[in-house]
Amino acid sequence: MTIEESIVRNGFHLSTVVGDSMMPLLRQGKDLVKIVPLTKSLEKYDIVLFKRPTGEYVLHRVMKVKKDYYVICGDNRFLREKIPSEWIVGVAESVFIDEEEVQMSDERQLEYAKKICGSFWSRRIKSKIKRILE
């Protein structure tokens with residue numbers, strides 16, 4: 001069953017996180033994410049699951065909402081991407097960190113999202129400097 005089929009059949013899809021693009025929030029193989037269908041327009045700071053034309057699923061955060069696309073980026077990445085709405089599979093409703101369910105609408109999560117998005121450029125510059133010095 002595909003993720004899309006799971007969302008249609010169950011109303012959600014629950015899966016462990018693969019990869020490190022959403023660290024430090026989500027840890028590969030340890031944390032779970034609950035993806036639900038879109039019921040409203042996406043907003044800045046939402047975490048979305050999208051599917052590239054190659055078939056690869058990606059879980060990243062919305063950094064900007066534009067008229068015809070979304071600018072998204074992983075919390076642990078420095079390359080922002082333009083993603084058309086047709087690629088969006090669903091949105092993260094909650095995550096399970098150390099077996100505790102945390103709603104994405106929780107005030108602590110919103111503060112974290114603002115902090116991580118607000119520090120994008122400083123983190124990107126620090127990363128480039130670090131690579132140059134290595």
Exercise for the section: Walk me through it: do Glu81 and Tyr69 pass the test side chain to side chain donor-acceptor pair (under 3.5 Å)? Expected result: CA-CA 10 Å; Glu81 298 178 72; Tyr69 61 90; over 6 Å; no
Problem - Val36 reachable from Ile72 in the ILVMFWY side-chain graph, under 4.5 Å edges - result: yes
Completion exercise
Applying side-chain hydrogen bond (donor to acceptor under 3.5 Å, both in side chains) to Glu56 and not counting sequence neighbours gives Arg52
Practice task
May I ask you to say whether Arg27 pairs ionically with Asp98, meaning some side-chain N is under 4.0 Å from a carboxylate O?
Solution key: yes
Fill in the blank from the handout: Separation between NE2 (His13) and CD (Glu93), nearest 0.5 Å, reads 14.0 Å
Practice task
Output the distance between atom CD1 (Ile47) and atom CG (Leu25), rounded to the nearest 0.5 Å.
Solution key: 5.5 Å
Practice task
Answer with yes or no whether the hydrophobic clustering places Leu38 together with Ile83; edges join I, L, V, M, F, W, Y residues whose side-chain heavy atoms lie under 4.5 Å apart.
Solution key: yes
Practice task
Starting at SG of Cys117, measure out to CE of Met63 and round the result to the nearest 0.5 Å.
Solution key: 4.5 Å
Practice task
Kindly indicate whether the side chain of Phe78, heavy atoms from C-beta on, has any atom under 4.5 Å from the side chain of Lys128.
Solution key: no
Handout entry: Main-chain N/O of Asp106 paired to Gln109 side chain as donor or acceptor, under 3.5 Å
Key = no
Completion exercise
Output for pair (Leu110 CG, Met104 CE), nearest 0.5 Å, gives 8.5 Å
Handout entry: Whether Ser119 side chain and Ser122 backbone form a donor-acceptor pair below 3.5 Å
Key = no
Exercise for the section: State plainly whether one hydrophobic cluster holds both Val102 and Val17, where clusters connect Ile, Leu, Val, Met, Phe, Trp and Tyr through side-chain heavy atoms under 4.5 angstrom apart. Expected result: yes
Exercise for the section: Identify whether Val48 and Leu26 are in the same connected component of the hydrophobic contact network (ILVMFWY, side-chain heavy atoms under 4.5 Å). Expected result: no
Problem - Side-chain donor/acceptor of Asp46 to backbone N/O of Glu43, under 3.5 Å - result: yes
Practice task
Please check if Val91 and Ile97 belong to a single hydrophobic cluster, counting links between Ile, Leu, Val, Met, Phe, Trp and Tyr side chain heavy atoms closer than 4.5 Å.
Solution key: no
Problem - Distance, nearest 0.5 Å, that separates CG of Asn76 from CD1 of Ile116 - result: 8.0 Å
Practice task
Answer yes or no: is there a side-chain heavy-atom contact under 4.5 Å between Gln28 and Met23?
Solution key: no
Exercise for the section: Please work out which of the three classes, parallel, tilted or perpendicular, describes the rings of Phe50 and Trp87, given edges at 30° and 60°. Expected result: parallel
Problem - pair Asp31-Val95: side-chain heavy atoms closer than 4.5 Å - result: no
Practice task
Answer yes or no: does atom CD of Glu99 have more than 12 heavy-atom neighbours from other residues, nucleotides or ligands under 6.0 Å?
Solution key: no
Problem - Contact check, side chains of His60 and Cys73, non-hydrogen atoms, under 4.5 Å - result: no
Practice task
Mark yes when over 12 heavy atoms from residues, nucleotides or ligands other than Lys115 sit less than 6.0 Å from its NZ; otherwise mark no.
Solution key: no
Practice task
Go through the steps for Tyr112 and Asp75 under the test side chain to side chain donor-acceptor pair (under 3.5 Å), then give the verdict.
Solution key: CA-CA 10 Å; Tyr112 168 81; Asp75 290 357; 3.2 Å; yes
Exercise for the section: Could you tell me whether the side chain of Lys66 reaches within less than 4.5 Å of the side chain of Lys82, counting heavy atoms only? Expected result: no
Completion exercise
Of all heavy-atom pairs linking Pro37 and Gly11, the shortest is CD-O, 3.3 Å
Problem - Separation between CE of Met22 and CZ of Arg77, rounded to the nearest 0.5 Å - result: 10.5 Å
Completion exercise
Closest non-hydrogen atoms of Leu59 and Ser21, given as atom of the first, atom of the second and distance, are O-OG, 3.8 Å
